[in-house]
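To find a chain, count down the sequence lines: A is the first, B the second, and so on, and within it residues start at 1. Predicted, not measured: the structure shown is a model, and the values here were computed from it.
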Protein chains: 2
Amino acid sequence: MQAELDERKKKILHAVIRNYLETGEPVGSRTISKYTDLNLSSATIRNEMSDLEELGYIVQPHTSAGRIPTDRAYRLYVDNMMQEKDKEIEELKGLLVQTEDKMDKVLKNVAKVLATNTNYATVVSAPQIRGNRLKFLQLSRVDENQILAVIVVEGNVIRNEMIHVNETLSDETMLKLNILLNTHLTGLALEEINLGMITALKEQAGIHGDIVGEVMDAIAQAIKGEEDLEIYTSGANNIFKYPELSDNRKASELINTFEEKKALAKLATEKLSDEGNTGIQVYIGEEAPVQAMKDCSVVTATYELGEGMRGSIAIIGPKRMDYDKVVGSLRTMMNELERVYKKD
Amino acid sequence: MQAELDERKKKILHAVIRNYLETGEPVGSRTISKYTDLNLSSATIRNEMSDLEELGYIVQPHTSAGRIPTDRAYRLYVDNMMQEKDKEIEELKGLLVQTEDKMDKVLKNVAKVLATNTNYATVVSAPQIRGNRLKFLQLSRVDENQILAVIVVEGNVIRNEMIHVNETLSDETMLKLNILLNTHLTGLALEEINLGMITALKEQAGIHGDIVGEVMDAIAQAIKGEEDLEIYTSGANNIFKYPELSDNRKASELINTFEEKKALAKLATEKLSDEGNTGIQVYIGEEAPVQAMKDCSVVTATYELGEGMRGSIAIIGPKRMDYDKVVGSLRTMMNELERVYKKD
DNA sequence: ATTAGCACTCAAGCAAGATGAGTGCTAACC
DNA sequence: GGTTAGCACTCATCTTGCTTGAGTGCTAAT
């Protein structure tokens with residue numbers, strides 16, 4: 001009962017959606033009658049629309065208003081009807097490639113460029129370093145009872161962690177510890193550092209075993225602690241451009257969500273484990289993984305910069321967002337990101 | 001013509017302000033007549049209010065509405081009439097002291113606590129490290145042609161900078177460089193590292209002089225680059241609680257300002273150079289240093305954590321914000337911050 | 001100097017049309 | 001049978017006029 005949408009119904013539905021995307025107003029039969037090349041009178045369109053309503057693709061906000069697409073219609077549109085328009089997106093590339101070393105700056109920039117280019121709000125999450133290898137480790141005595149641990153992971157992600165110690169360590173001890181830890185841990189993935197290895201290291205460190213313990217904690221914390229889920233947002237104010245989102249309660253909620261980035265983290269990581277598809281996911285309305293966004297649509301893309309270094313980009317806008325353009329922008333942006341970074 | 005506000009006028013003005021702060025509605029003569037202990041009829045109040053209007057302290061939003069205070073009245077209020085109520089602020093202290101080592105986390109927390117506690121939006125700028133001393137410097141070879149420079153400044157602010165080199169440096173060279181730089185630079189303030197010293201160091205480094213140059217650049221960049229002006233915001237959505245700010249255009253502008261943190265930087269640093277006063281500044285309406293905030297009031301406080309380590313906290317709300325409470329909260333928060341960190 | 005009283009103003013709320021976009025249905029048409 | 005013209009109906013939105021009530025300013029009396 002749902003697959004049978006004949007060609008004409010599809011055309012009409014498509015017209016309704018496109019029209020609504022542009023205007024944001026309910027669209028009526030007369031408009032469609034003129035808008036399409038079907039040369040049908042408004043009455044015929046009305047009959048068809050009536051059918052489409054029954055099938056759950058469009059609804060009237062109130063009797064005798066035009067129809068607006070439902071989530072289901074958007075879903076159909078995104079899955080089957082969308083033809084990408086790859087215009088003017090090329091310019092994005094130029095904006096990105098400049099300071100290629102500082103990862104965080106680049107990502108902030110990505111968020112910004114996408115926000116201004118699409119006129120929606122964007123969220124970029126920094127790469128998850130899960131599964132990545134330890135590249136370098138350095139302990140330094142900063143003063144009598146503070147040690148600075150610098151941890152560098154593949155992809156040049158750097159973490160600092162301060163460790164308090166009670167005893168003052170000599171230079172030789174520091175040197176020994178550094179050599180010990182580097183020789184044993186460098187090149188290992190996090191999963192490969194197991195408990196056995198840790199206890200072995202502690203033994204070798206002798207009386208300074210507890211420091212090794214602290215260092216290991218620091219490594220663990222630095223790498224998989226919540227802090228590593230750096231998130232950059234941009235264009236939050238864009239939501240004011242869409243009346244259906246900018247009534248006070250909703251706007252407030254959305255802005256709040258943007259500040260409380262933890263909810264966004266969920267959104268970002270949700271589908272990170274999914275493989276297979278092109279990496280672009282579209283969530284429409286209630287499909288969105290975050291409650292506050294049930295009146296929005298969210299388009300997410302996952303980028304991969306190397307062994308297990310995966311982050312994601314999300315664009316949040318009204319349900320009637322310009323899916324074509326967003327998906328296009330997102331795709332070029334991702335490619336560009338991967339191109340710039342993959343050489344590492 | 002302006003100093004002469006007799007005692008009664010002051011009392012009435014005070015009553016008007018307090019009442020307006022609470023309700024947000026224009027306040028009329030009858031209300032005041034009951035609200036104060038002056039035992040005057042509404043008619044008398046009317047006469048006095050008429051005078052006050054002429055003197056520019058209150059205005060009517062339209063004929064036959066009550067009066068609301070002008071910027072000038074707020075200014076008078078803040079300068080002379082405010083008596084601090086230091087209740088319930090104490091609880092703030094508890095919320096703050098927990099993870100005392102990670103400066104950025106603490107500041108984020110400060111922003112958050114203040115925002116939830118006052119119901120206004122807050123901005124906290126991380127300390128300017130200008131004038132601070134270099135505590136520790138470490139160069140490490142991360143791979144063939146990348147060197148990681150870790151720079152620790154007094155107050156345990158840590159910066160990482162990647163340096164690309166063309167030649168691969170030997171372990172001994174690295175060690176030498178480290179010793180050279182640390183012995184000469186540690187303990188110095190930025191201003192004390194002058195050009196003469198730099199060329200001297202370069203000479204001593206011999207063929208690796210250019211690396212020294214890069215390191216110095218990194219130090220300079222890391223410490224006084226714009227990046228060091230880390231800014232934390234919280235409670236942006238609080239502005240939706242005040243109708244006079246939450247109409248779409250204004251809200252959008254404010255949110256935008258919050259995202260474009262550079263404007264806030266200006267606000268934060270503006271009065272950093274001023275000395276003398278308690279460190280708390282109140283900007284009312286047009287006095288605010290940022291255009292987008294001309295309908296708000298901004299209360300800023302400067303905290304000082306040691307030699308020249310100064311940051312600032314700002315609270316942004318409607319003109320009718322509860323100045324007493326805000327100033328109180330801000331003051332305890334600052335004291336607490338300084339107490340926790342000054343022992344370093 | 002203070003107050004009571006009264007006329008006046010004006011935002012805001014409400015009810016009663018007027019408007020118009022859009023629908024559903026029926027009967028006629030090809 | 002599919003298509004269309006025509007018409008009655010619905011309902012959000014706009015307009016208009018009316019009422020209400022808070023609040024003022026002024027004047028005359030205390």
Any side-chain N or O of Ser29(B) below 4.0 angstrom from OP1/OP2 of dG23(D)? no
Over how many whole Å does the gap from Asp51(B) atom CG to dT24(D) atom P extend? 13 Å
For Asp295(B), give me all partners under side chain to side chain donor-acceptor pair (under 3.5 Å), at least two apart in sequence or on another chain. none
Contact check, residues 30-42 of chain B vs DNA chain D, heavy-atom distance under 4.0 Å, returns none
Which residues pass the salt bridge (charged side-chain N to carboxylate O under 4.0 Å, His left out) test with Asp79(A), sequence neighbours left out? Arg75(A)
Thr23(A): partners by side chain to side chain donor-acceptor pair (under 3.5 Å), with sequence neighbours left out: none
How many Å lie between CD on Glu25(A) and C1' on dA21(C), as a whole number? 11 Å
Nucleotide by nucleotide, nucleotides 7-16 of chain C touches protein heavy atoms under 4.0 Å in the pattern (B base, S sugar-phosphate only, - none) --BBS-----
Return the set of residues passing side chain to side chain donor-acceptor pair (under 3.5 Å) with Asn80(A) (not counting sequence neighbours), or none when no residue passes. none
Under the ring-ring contact (aromatic ring centres under 6.0 Å, His included) rule, collect the residues that match up with Phe258(A), sequence neighbours excluded. none
Atom-to-atom span, CD1 of Ile12(A) to C1' of dT3(D) - whole angstrom: 12 Å
Checking Ser297(A) now: which residues fulfil side chain to side chain donor-acceptor pair (under 3.5 Å) with it, not counting sequence neighbours? Tyr323(A)
Using whole Å, report how far CD1 of Ile45(B) lies from P of dA1(C). 16 Å
Measure the CG-OG distance between Leu40(B) and Ser29(B) for me, rounded to the nearest 0.5 Å. 11.5 Å
Sequence neighbours excluded, every pair satisfying salt bridge (Lys or Arg N to Asp or Glu O under 4.0 Å) that has a member inside residues 58-71 of chain B: Glu53(B)-Arg67(B), Asp71(B)-Lys319(B)
Counterpart residues, ring-ring contact (aromatic ring centres under 6.0 Å, His included), relative to Tyr20(A) (two or more places apart): none
Under the ring-ring contact (aromatic ring centres under 6.0 Å, His included) rule, collect the residues that match up with Tyr242(B), sequence neighbours excluded. Tyr120(B)
Quick one, give me the B/S/- string for nucleotides 25-30 of chain D, reading 5' to 3', where B means a protein heavy atom under 4.0 Å from the base and S means that only happens at the primed atoms, P, OP1 or OP2. B-----
Looking only at the side chains, is there a donor atom on one of Tyr57(B) and Asp51(B) sitting less than 3.5 Å from an acceptor on the other? no
Do the side-chain N or O atoms of Thr44(A) get closer than 4.0 angstrom to the phosphate oxygens (OP1, OP2) of dT4(D)? yes
